[in-house]
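Counting convention: from 1, in listed order, for ligands and their atoms alike. The first residue in the sequence is number 1, and the count goes up from there.
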Amino acid sequence: MSKIIKALLVTAVFFSGCFSGHAQKNAPAPCGPIPSKNQLRWQDMEYYAFAHLSLNTYTDQSWGFGNEDVKLFNPTRLDCRKWARLCKEAGMKGIIITAKHHCGFCLWPSKYTEYSVKNAPWKNGKGDVVGEMADACKEYGLKLGIYLSPWDRNRADYGKPEYINYFRNQLTELLTNYGPIFEIWFDGANGGSGYYGGANETRMIDRKTYYDWANTYKLVRKLQPNIVIWNDGGDRADLRWVGTEGGSVGETNWSLLNANGDVPYNMLHYGVENGNAWVPAEVNTSIRPEWFYHPSEDKKVKSVPQLMDIYYNSIGHNGSLLLNFPIMPDGLIHPTDEKNVLGFGKAVKAAFSVNLGKNKTATASNVRLGSKDFSAGHATDNDNHTYWATDDSIKAASLTIDLGKITRFNRFLVQEYIQLGQRVKEFTVEALTNGRWQELAKGTTIGYKRIVSFPTVKARKVRLQIRDAKACLLISNIGVYYAPQILTAPSVTRNQAGTIIITPADKESVIYYTTDGSIPTRGSKKYQGPFAADGKPEIRAIVYDPFTRQSSSATHEKFDVSRKDWKIVGIADEKVSAVLDGDPSTAWHQSKDKKMPQDLVVDLGEEKKLAGFRYLPDQSIWNPGIIAGYEFYVSKDNIEWKLVSHGEFPNIKNNPLWQIIKFASQKSRYIRLRALKNTENNNDTGYAEIDIITE
Ligand code: FUL
């Protein structure tokens, strides 16, 4: 019997408080809620993929309306084995496939609808993406997960009780016919406008009650006893969303939650210290800004340093990482996405394959006595199932590792024995340099895994000081690492005057750039400070480190016409300039006293051939005032206006990116963005930037 199972048997009872040790063996008792064995198995996976493929892939949309033609679906070069090979090489442990997204189109030949691969030209209607994915996962030793959108914008019966039967029939197909499924993903986007079998209307449901989650979960667990359920839309599930799709969970991250149903975003991000259920965090993010493939994002693929940041902010913060690949219309993953994820896998290996603390001597300020050995060495013995433990009364203690010789390192990894709950509230990491303990980093929670980064230090002794915890300490693993430096690409912005500003992450770096779209090298122009660029400049820039002779990847920004002569009409507040200042981190909000709709009118200074507009919402985390429904007007004289586009910005609440809307070309001098509603249904309207697309 494995040690995990043994521990679970001992602690199978649900405890809501932190109790003292079991008298017999002096084994520590659980502290608060503990993970189920399915959650433990899932937590060990750490890193796995999402694959987004649907009719949206062919329509350049984020959310399909539900009336898109099935005939569009034709991924002629689709080979799920290629995706699986890539994920395996990148170090991932599984893949979750969008079996059905909100548009209702099914990637498997469901018996219960005609809106599926069986009516698509792909493989003459004989294809089954979920089946191919299941086979490929098996071949490459990966686990398979299923995304099944509860919201279905195609179904005539969506919103009625009959739909629940349909939904459960589909679940039954997916959870019966494709072997073991490690995770089911019930997306939270629920109800709104849609095709609904031709009704073309808005249908709202109560996301807590409509799906009768309790019975739906029963069905899921009956069909797949080893599964974990993800759900941010209704009843509390096994895993939680982290309140953002940006790729991070809080530095403080409790794997506990309290409430059923709707939980505020900040609770999702940080967990709840004294929550009554174990609901660990899964960080879902895409390798590109959006979830589905959009050719316009081919230059926006997250770079290796960006992915490393995400790694530290997810896996390094007691979360798992679910990284998405938007599949291209031909069924392949774009070469840049492949290159970057492989680079990311290599960088993780380079950082974490040699644990400098492994099997090194460890001593602790307190060690629990009992029939079992709880000594400090269990934190460095490379075995996660053994642990260092302190006496019941000791909630602050230190553990020192002697690395044997002066060693350079810049990362410290620590894991709690979560089988008995999550405990630590505050810790520091120190190194003994020149006879003094120097603080390298500090943190709050630890949980399953916590990684802290700090500038490279050379020392022989490193110490973990746990300063506060909910109960006695149980540390199962510690790692000390040296991660090679990776250069981060610079940011490139243009202010309203048309001046280009390039900013490196590290102030001392040298920057080289081009303005004609060509790849920058050390032979390109060296950046000496902000410069003016005319027309529609295309800037690429790299950072170069003369000591290591390494270059970063290149940042690539394409700008439209300059906004030099633009003026915002009729608004006295001078802070409104934030909307045109080219800096995504500044924002302006209209007065909340004004009722919706709210307008923002811009005078472009002269007539331009407009072909679209772009809107970037306030980028501060969970900022309200994100426009969700809009109308866009143009005018030659600020008197007569023409409506050229209207609609909703899909998924803007969870993923507040640049919204790019194109329309038939218009000659105009004035533009008006009218906010009809925001994501919170109140009167707050915020803007980080507004821009136009010219012909
Ligand atoms: C969101 C969805 O609305 C997106 O389209 C995407 O599928 C993402 C993973 O979840 O809530």
Distance under 6.0 Å and angle within 45° of ring axis: Arg155 vs Tyr166: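 Arg155 over Tyr166 ring: yes.
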Residues, nucleotides or ligands: over 12 heavy atoms within 6.0 Å of Lys300 NZ: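 Result for NZ/Lys300: enclosed.
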Neighbouring residues of ligand 1, heavy-atom cut-off under 4.0 Å: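 Near ligand 1, by chain and number: Phe50, His52, Trp63, His101, His102, Tyr147, Trp185, Asp187, Glu245, Asn284, Trp291, Asn651, Asn654.
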With sequence neighbours excluded, residues passing salt bridge (charged side-chain N to carboxylate O under 4.0 Å, His left out) with Glu297: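 Result, salt bridge (charged side-chain N to carboxylate O under 4.0 Å, His left out) vs Glu297: none returned.
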Closest non-hydrogen atom pair, Ile287 against Pro326: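 Distance-wise, the nearest heavy atoms are CG2-CD, 3.9 Å.
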Pairs satisfying salt bridge (charged side-chain N to carboxylate O under 4.0 Å, His left out), at least one member in residues 209-226, at least two apart: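 Of all non-adjacent pairs touching residues 209-226, those that pass salt bridge (charged side-chain N to carboxylate O under 4.0 Å, His left out) are Arg168-Asp212, Arg221-Asp238.
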Inter- and intrachain pairs under side chain to side chain donor-acceptor pair (under 3.5 Å), touching residues 86-109, at least two apart: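 The answer is Lys100-Asp152, Lys100-Tyr163, Lys100-Gln170, His101-Tyr147, His102-Ser149, Trp108-Glu173.
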